[in-house]
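Quick notes on the structure that follows.
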Amino acid sequence: MDKMKTIAFSFFSGSIKPDEEVLLNSFLSESSANKAKLDEWEREWVSIGCPSEFTEKALSRINAKIDNKKRNWWHYASVAAAAILACVVAFSIYFETPTEVKYVSYSTGAGEVKRIELNDGTLVILNAMTTLNVPETMEGGRSVTLDGEAWFEVKSDTENPFTVISGLQRIVVTGTKFNVSAYGSDQKFITTLYEGRVNIYIEIDSITLKPREMVVYDLSNRNLSVTSAVDADASAWIQGFIIYDNIPVSDLCMILERKFGVHISVASDSVAQEKVSVSFRNGETLEQITSVLATLTSLTPNYENGKIVLE
Amino acid sequence: MQVESDDILFRRLTEDNDRSAFDALFRRYYPRIRAYCIRFVGEEDADDVAQDSFLSLWNSIHSYQDGAFKSLIFTIAHNACLNLLKHKAIIDFKSKDDEPQGCEALYINTFANDADESLLMDELRQNIDNVIAELPPRTKEAFLYSRCDELNYSEIAAKMSISVKAVEKHISKALVIMRKRLLCK
């Protein structure tokens, strides 16, 4: 994917990073042909509907403010005409379209796993330290936002696709089972598909996943990569298991912190990046897991101030 | 999706008060205007400043018969940011030293008609420097001791050989003058 085009798109959608701004500005100043290219990309971005996570809510707010002023005028006008008043007010309430969708929020704390059944019959299981926002009614669209990790069993409805939004990542399905790991504080979002078909959109990129496939969205370089998910480990957390194959020690520390609510870290950066494979299926305590981790990394655990440091 | 040009949408907006044209222009430019505002007034205030800019354009749409939507909304947002920063600078003089990251020129080059338009922080600094330079000498001295050197009122009183009450008077005088000169334009 053309790197400069991707940067241009994030400029239009308001999510460009400061260093990328510098790059884009140099690109523009290089030649007038580049300026023409930018205009072309802008037209393309506009033609796909100006996608941006910042717009819709802001637009509803602004429309509500404008309408408030209009409504007052109608109100004063109708007060003057007594009989017509009731009809006018009734009409404007009947035709008034709601400008804001109300969301219900579900959250979990450290080590918490929560099962939720949504209005449309979809089952969601939230992992620890996760927040899910769901619209009060799904008729206007089944679009939820997720910060954290969750397992979804989406009730099939071909007319009304189900969308899971995490920052710039949008997952669209009509009816399937999949796991999403999209913690706002993580550098990588991982989506694993079990059944059905899933379309994942990130800015101008999109990918269609097939069952038993997994996509990793790397936020640092906006890269998408697909691999096959060999075992159903991605959802092992639902049963309280900790099963990970070949993950960096620092990632495992983050997972343990979310599960147990205790800050764990490794003193050495090089060890933090080493990869380990673990399988804890017997309700092991944090002490037991820490001691296994210590053995794997040849370090000693130090418990102080409610934190664990392996050095 | 069919792409209508800014000019067509803007004409529908000014001639027919067309809401759908407003919505389309909002979708097109709000993300960038918001990002521009974040650079100067921070995330918390940016949404309000950006939205108020669009709202103020809608409310006074009849004053803008000709001109390009793009440079209009940018100018409104630029001035709104400048105004907010001036308010903040009066309360907390130090904040003018916070340099935003990124590249302000990118927005000026793509939004403004006149690419020589000055950078916001430069404009702000110039405005503030001008007003301070014109403060009466003793008032200026007391004000700079307070905001630049961060001395408390007793320390300033000692340095200037005056009473703490006199220092208080100088500071409030400085603030009144700054408020008047910076905000009433």
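Chain letters run A, B, ... following the sequence lines, proteins first, then strands; residues in each count from 1.
Rounded to the nearest 0.5 angstrom, Asp47(B) CG and Arg61(A) CZ are separated by 7.0 Å. For the atom pair CG (Asn109(B)) and CG (Leu24(A)), the distance works out to 10.0 Å, reported to the nearest 0.5 Å. Taken from CD in Glu21(A) to OH in Tyr36(B), the straight-line distance is 10.5 Å, to the nearest 0.5 Å.
Neither the backbone nor the side chain of Glu53(A) comes within contact range of chain B, judged by heavy atoms closer than 4.5 Å. The contact between Ser52(A) and chain B is made entirely by side chain atoms (from C-beta outward), counting heavy-atom distances below 4.5 Å. Neither the backbone nor the side chain of Glu20(A) comes within less than 4.5 Å of any heavy atom of chain B. Interface remark: Leu23(A) contributes no atoms to any contact with chain B (heavy atom separation under 4.5 Å). Heavy atoms closer than 4.5 Å to chain B are found in the side chain of Leu28(A), but not in its backbone. Residue contact with chain A, scored on non-hydrogen atoms closer than 4.5 Å, is absent for Asp6(B). Interface residue Arg34(B): only side-chain heavy atoms are found under 4.5 Å from chain A.
Considering only heavy atoms from C-beta on, Thr110(B) comes within 4.5 Å of Phe11(A) through its side chain. Asn25(A) places none of its side-chain heavy atoms less than 4.5 Å from the side chain of Glu104(B). A 4.5 Å side-chain heavy-atom check between Asn63(A) and Arg19(B) finds at least one atom pair inside the cut-off.
In terms of heavy-atom proximity, Tyr30(B) sits nearest to Phe54(A) at CE2-O, 3.3 Å. Pairing each heavy atom of Leu55(B) with each of Lys65(A), the nearest pair is CD2-CD, 3.6 Å. Across Trp45(A) and Arg27(B), no two heavy atoms sit closer than the pair CH2-O, 3.8 Å. Phe12(A) approaches Pro31(B) most closely through the heavy-atom pair O-CB, 3.3 Å. The minimum heavy-atom distance between Lys17(A) and Arg39(B), with the atom names listed, is C-NH2, 4.4 Å.
Per-residue counts of heavy-atom pairs under 4.5 Å with chain B were compared for Ile16(A), Leu59(A), Thr55(A); the largest is that of Leu59(A). Options Val22(A), Asp19(A), Asp39(A), Leu38(A) differ in how many heavy-atom pairs under 4.5 Å they form with chain B, and the most are formed by Val22(A).
The environment of CG in Asp269(A) is sparse: at most 12 heavy-atom neighbours from other residues, nucleotides or ligands sit within 6.0 Å. Enclosure of atom CD in Glu43(B) is not indicated, since only 12 or fewer non-hydrogen atoms of other residues, nucleotides or ligands lie within 6.0 angstrom.
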If you apply the rule side chain to side chain contact (heavy atoms under 4.5 Å, CB included), what do you find for Ile62(A) with Trp58(B), and how did you get there? CA-CA 10 Å; Ile62(A) 253 207; Trp58(B) 167 264; over 6 Å; no
